[in-house]
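All values below come from the heavy atoms of this structure, side chains included, with hydrogens, waters and symmetry mates left out.
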Amino acid sequence: MGKKLLEKAGLVGAPKALAQVQPDLGSIQASRGLDRPTPLGEAIRPKTAPGTMLGFMTAQSSAIQEAEQLRARLAEFDGATPARKLDPRSVRVSKWANRHAASFEDAEFAALKAEIASAGGNVQAIKVRPVALQGGGAAEQEAGTRYEVVYGHRRHRACLELELPVLAVIEDVSDQQLFVDMERENRDRKDLSAWEQGSMYARALDAGLYPSNRKLAEAIGRDLGDVGKALALARLPAEVVAAFKSPLDLQYRWAKPLADAQQQDPEGLIARARALKGEVGALSARTVFSTLIGAVGQGVGPSNPLAEILVKRAKKVVAVVSTDDKGRTVVRFETALDADRRRALARHIESFLDT
């Protein structure tokens, strides 16, 4: 029995790779009782079949250990999505894009763009999803559009203008997941204005992405009241929005008064908005807002503390008289007054109060 086992073992040859391994010469020569040194070019092979088997099993064991180590290292990256550098021209803005053009003209965007230019690209990756252009626009086809922004429109825009590759994580997500990811990521960065937020919500509802305000609010984790105010601003007539220097000036707390004005006197609201068109950029957002709601069945006074009276010269507003929320009368000039004119104004106020 033992003889047969040895004969079978003798049929097993050492792997070629094993024959190339040069072991510790001193220890092997001593164990084999060699008096002369073995030349470096001469392979040392076990003379017995059990030795051959032992060498083969040792090599196999090392290979298994190495494979296990590689598996362990690979497991560390399980679930991770690697970032890649893409040609920004191959990435289109999302159909749910929520940034108004004015967001790319302010000082914050200029600072972001300068930072990206200094770093040679965006350090914080944007997120994109692959798109299949099924007969899409000729411009998109020509540009080789392959991706759509999930979030990071400002970083993408900066890289596009700087002609730098954009670092991006690619993930195939649904429209609803894209909407949620974009909304939440914006809150962690430069939050959207009330009007931008409302416009984003309005598009999602109009497209049937969510069946109601409540479902939308639940999906993005926002207060239902805030969602309603943002939507009210986004649903304002275009003339009312155009009365402001920028839609980004609209504030959440103005949503209800403007909505009330639209409901009570829609024609009057539009008329006042059109009358303000020539003053766009010359008046503060607060003045525009107060003018829009000031004539809705109320005069100036505590019952309507936000109403304002405009003082004009040559059809231009030069001062505003208003009542604040504590009933105090406030006079505000649209341009700065020098010291002499301020003293003259103080004397006129004294005379006014004496009458």
Side-chain angles (χ1 to χ4, degrees), residues 100-103 105-108 110 191 193-196 198 229-230 232-234 236-355:
H100 186 265
S103 293
E105 299 170 358
D106 60 15
E108 285 190 44
D191 203 0
S193 69
W195 185 83
E196 286 175 313
K229 291 175 185 176
L233 293 174
L236 286 170
E239 293 91 342
V240 174
V241 176
F244 293 86
K245 181 179 180 181
S246 167
L248 308 187
D249 292 335
L250 287 159
Q251 301 177 27
Y252 281 104
R253 60 196 177 97
W254 296 347
K256 188 178 186 307
L258 287 169
D260 289 345
Q262 184 179 0
Q263 184 176 3
Q264 296 171 25
D265 183 22
E267 293 182 2
L269 177 64
I270 297 295
R272 290 190 293 278
R274 287 173 177 168
L276 285 168
K277 188 173 182 180
E279 304 290 342
V280 173
L283 303 178
S284 67
R286 168 81 181 215
T287 299
V288 172
F289 162 69
S290 300
T291 303
L292 289 171
I293 69 168
V296 186
Q298 298 181 17
V300 177
S303 61
N304 186 17
L306 295 176
E308 297 182 344
I309 297 174
L310 305 183
V311 180
K312 293 186 176 184
R313 288 290 182 274
K315 297 184 179 181
K316 293 289 184 181
V317 176
V318 294
V320 180
V321 181
S322 63
T323 304
D324 66 15
D325 54 4
K326 293 185 179 179
R328 297 173 297 194
T329 298
V330 179
V331 179
R332 184 177 69 253
F333 288 85
E334 293 298 317
T335 58
L337 301 179
D338 58 30
D340 290 339
R341 301 201 70 182
R342 289 199 301 272
R343 281 191 286 268
L345 175 63
R347 289 194 295 270
H348 284 299
I349 293 174
E350 288 174 353
S351 299
F352 172 79
L353 293 175
D354 289 338
T355 59

Enquirer: Taking all heavy atoms of L248 and all of S193, pick out the closest pair and write down the distance.
Expert: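 Here L248 and S193 meet closest at CD2-OG, 3.3 Å.
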Enquirer: Only pairs under 3.5 Å count here: list side-chain donor-acceptor contacts from residues 340-350, not counting sequence neighbours, and write none if there are none.
Expert:
from : atom 1 : to   : atom 2 : distance (Å)
D340 : OD1    : R343 : NH2    : 2.6
R342 : NH1    : L337 : O      : 2.6

Enquirer: Look up atom CD1 in I270 and atom CG in L236, then write down how far apart they are to the nearest 0.5 Å.
Expert: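 One finds 9.0 Å between CD1 of I270 and CG of L236.
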Enquirer: Nearest heavy-atom pair of A273 and A243: which atoms, and what distance?
Expert: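 Heavy atoms only, the tightest pair is O-CB, 4.0 Å.
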Enquirer: Using modelled atom types only, decide if a donor and an acceptor are shared between the side chain of R272 and the backbone of L292 within a distance under 3.5 Å.
Expert: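 Checking the backbone N and O of L292 against the side chain of R272, a donor-acceptor pair under 3.5 Å is found.
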Enquirer: Distance from L258 atom CG to K229 atom NZ, nearest 0.5 Å?
Expert: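 Going from CG on L258 over to NZ on K229, the span is 13.0 Å.
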Enquirer: Which atom names give the shortest non-hydrogen contact between P257 and I293, and what distance separates them?
Expert: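 Answer, listing the atom of P257 first, then I293: O-CG2, 3.9 Å.
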Enquirer: Of all heavy-atom pairs between S284 and E334, which one has the smallest distance, and what is that distance?
Expert: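 Looking at all heavy atoms of both residues, the shortest contact is N-OE1, 4.1 Å.
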Enquirer: Would you say that W195 contacts S246 through its side chain, given a criterion of any heavy-atom pair below 4.5 Å between the two side chains?
Expert: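 Not touching, per the 4.5 Å side-chain cut-off.
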Enquirer: If you look at every heavy atom in A230 and A194, which pair is closest and at what distance?
Expert: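 So the minimum-distance heavy-atom pair works out to CB-O, 3.7 Å.
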Enquirer: Taking it one step at a time, do V321 and T329 satisfy side chain to side chain contact (heavy atoms under 4.5 Å, CB included)?
Expert: CA-CA 7 Å; V321 181; T329 298; 4.0 Å; yes
Enquirer: Tell me the closest heavy-atom pair linking F244 and W254, and the distance in Å.
Expert: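 That closest heavy-atom pairing would be CE2-CZ3, 3.8 Å.
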Enquirer: Distance check, rounded to the nearest 0.5 Å: L233 atom CG versus K256 atom NZ?
Expert: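 These two atoms lie 13.0 Å from each other.
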Enquirer: Determine whether R286 and V320 make a side-chain contact, defined as any pair of heavy atoms from C-beta on separated by less than 4.5 Å.
Expert: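 A side-chain contact is absent here, since even the closest heavy-atom pair is not under 4.5 Å.
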Enquirer: Hey, does V240 have a side-chain heavy atom less than 4.5 Å from the side chain of Q262?
Expert: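 Q262 does not reach V240 side chain to side chain.
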